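Just so it is clear: chains get the letters A, B, ... in the order the sequence lines come, proteins before strands, and each one is counted from 1. Values in this document were obtained by computation on a predicted structure and should not be read as measured data. Values below: all heavy atoms of this structure, side chains included; hydrogens, waters and symmetry mates excluded.
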Protein chains: 2
Amino acid sequence: MATGARGPRERMVFAAAQLIRRQGVTATGMREVVAEAAAPRGSLQHHFPGGKEQLVNEAVAWAGRYAAGRVARFVAAMDRPTPSGLFAAMAGQWIDEYQRDGYARGCPVVAATADRADAAEPTRQAAEAAFAEWTGAVAGALTGMGVPAGRAGPLATLMISALEGAIVLARAEHSVRALETVAAELGPLLDAAVG
Amino acid sequence: MATGARGPRERMVFAAAQLIRRQGVTATGMREVVAEAAAPRGSLQHHFPGGKEQLVNEAVAWAGRYAAGRVARFVAAMDRPTPSGLFAAMAGQWIDEYQRDGYARGCPVVAATADRADAAEPTRQAAEAAFAEWTGAVAGALTGMGVPAGRAGPLATLMISALEGAIVLARAEHSVRALETVAAELGPLLDAAVG
DNA sequence: GCGTTTCTATGACGGTCGTCATAGTAGGGG
DNA sequence: CCCCTACTATGACGACCGTCATAGAAACGC
């Protein structure tokens with residue numbers, strides 16, 4: 001994932017997202033975020049007066065923005081964009097990361113949903129918004145490829161569902177098998193929707 | 001999910017699974033499990049000398065066994081079993097629960113993977129085994145419906161990936177939309193594999 | 001120059017966590 | 001009756017958590 005983030009505040013949001021990706025929200029401590037971001041602990045209450053929940057929600061929102069932006073860049077990089085090609089690129093990003101860096105990290109939005117959706121309603125809403133932004137980007141890309149308007153939304157939901165599930169399976173299995181499988185199985189179905 | 005469990009030990013494993021479903025592993029405390037199970041706290045170290053990790057791993061294993069058994073019961077309950085029918089039943093179980101009890105709970109194996117896979121290798125292996133047992137049950141059911149041997153495994157992986165992802169989306173959105181969507185979109189693809 | 005706002009430093013507080021030490025009770029075989 | 005095993009009760013320990021109070025440093029307008 002992008003390394004960006006200039007100021008201490010952005011670094012903390014980014015570091016929070018990375019830690020959440022790997023251990024979830026509850027297991028991620030504020031002191032740990034500060035250390036990971038090489039940020040001053042003293043400024044935590046200044047930048048995030050809403051406490052941990054605010055930081056987590058911003059990390060989730062950042063992840064949604066990142067995922068949506070990534071979809072646009074995938075499409076832009078393809079000279080002849082197809083739905084199966086987009087999905088392969090999305091899955092491929094995870095395959096690359098897992099093969100390069102190991103299976104320590106998952107999707108921060110999934111992690112936040114799994115352990116905070118029931119306890120912190122604002123965090124649940126942040127996750128919902130992140131998924132909506134991401135799904136919207138995928139659906140928009142699909143319509144740009146010729147997928148009928150009424151089909152793009154459901155197919156985008158299917159793509160993201162299958163991808164997220166395969167990410168979990170990949171982490172549990174320490175294997176990219178599930179990611180490759182869903183990409184291969186879903187490809188023809190997705191391309192059949194064009195026209 | 002089944003309420004079963006006679007002895008205090010089984011009750012604690014079951015209660016742990018339920019709590020993990022809703023708040024993940026880290027946020028679930030041992031004292032909380034004991035209270036939920038109406039079990040004696042004093043016997044925790046007796047029944048689970050391996051501590052929290054052992055309890056969590058057994059809860060994950062229980063979930064895998066439960067999911068696999070549920071698949072068999074779904075198939076047995078259908079007079080003319082089809083892959084799409086099985087998937088609809090799997091998704092329908094979650095739709096029913098969410099509409100009946102709200103969106104507080106997810107899949108315990110996903111939750112355990114999300115926040116312990118990187119920190120506790122035995123828990124990761126328990127999750128892998130749970131997914132393997134579940135996937136095996138689904139693949140076996142598919143072959144029993146006439147799906148060629150080489151296709152059953154990948155399709156089972158696709159089904160579980162899409163289902164798990166849709167569960168996360170459903171919790172984030174407080175809506176069964178994603179579950180209904182993946183069931184509808186995947187149905188024809190699955191049935192096309194028969195023969 | 002000064003004052004004000006923005007940011008950082010540090011230590012403490014109350015609470016909860018998983019684990020452990022120690023002791024006690026129940027129950028069945030001899 | 002005794003003993004041994006299975007199980008339960010209770011309190012404490014050290015570690016960590018998120019948050020807060022308080023104070024100091026930097027940046028900037030005027």
* Among dT22(D), dT19(C), dA12(C), which nucleotide sits nearest the side chain of Lys52(B)? -> dT19(C)

* Asked: Of the nucleotides dA9(C), dT8(D), dC20(C), which one has an atom closest to the side chain of Gln45(A)?
  -> dA9(C)

* Structure fact -> Ranking dG11(D), dG11(C), dT8(D) by distance to the side chain of Arg41(B), first place goes to dG11(D)

* **dT8(C) OP1/OP2 closer than 4.0 Å to side-chain N/O of Ser43(A)** => yes

* Asked: Charged N to carboxylate O under 4.0 angstrom, Arg171(A) versus Glu128(B)?
  -> no

* Between P of dT8(C) and CG of Leu44(A), the distance in whole Å -> 10 Å

* To do: May I ask you to say whether Arg177(A) pairs ionically with Glu180(A), meaning some side-chain N is under 4.0 Å from a carboxylate O?
  => no

* Asked: Hey, is Arg65(B) close enough to Glu58(B) for a salt bridge, meaning N to O under 4.0 Å?
  -> no

* Nearest-nucleotide comparison on DNA chain C, the residue closer to the 5′ end among Arg31(A) and His47(A) -> His47(A)

* Asked: Side-chain N or O of His46(A) less than 4.0 angstrom from OP1 or OP2 on dT6(C)?
  -> no

* **Glu53(A) CD to dG18(D) P, straight-line distance once rounded to whole Å** => 13 Å

* Glu185(B) versus Arg151(A): any side-chain heavy-atom pair under 4.5 Å? -> yes

* Gln54(A) CD to dG18(D) C1': how many Å, rounded? -> 14 Å

* Cationic tip of Arg9(A) within the cone over Phe48(A)'s six-membered ring, i.e. under 6.0 Å and within 45° of the normal? -> yes

* Could you check Gly50(A) against Pro40(B) and say which one's nearest nucleotide on DNA chain D is further toward the 5' end? => Pro40(B)

* For Thr26(B), report the nucleic acid contact type (base, sugar-phosphate, nothing); a contact means any heavy atom under 4.0 Å. => nothing

* To do: Please report, rounded to the nearest Å, how far the C1' atom of dC20(C) is from the CZ atom of Phe48(B).
  => 18 Å

* In whole angstrom, what separates Met30(B)'s CE from dC20(C)'s P? -> 12 Å

* **Protein-nucleotide distance (Met12(B), atom CE; dC7(D), atom P), rounded to Å** => 10 Å

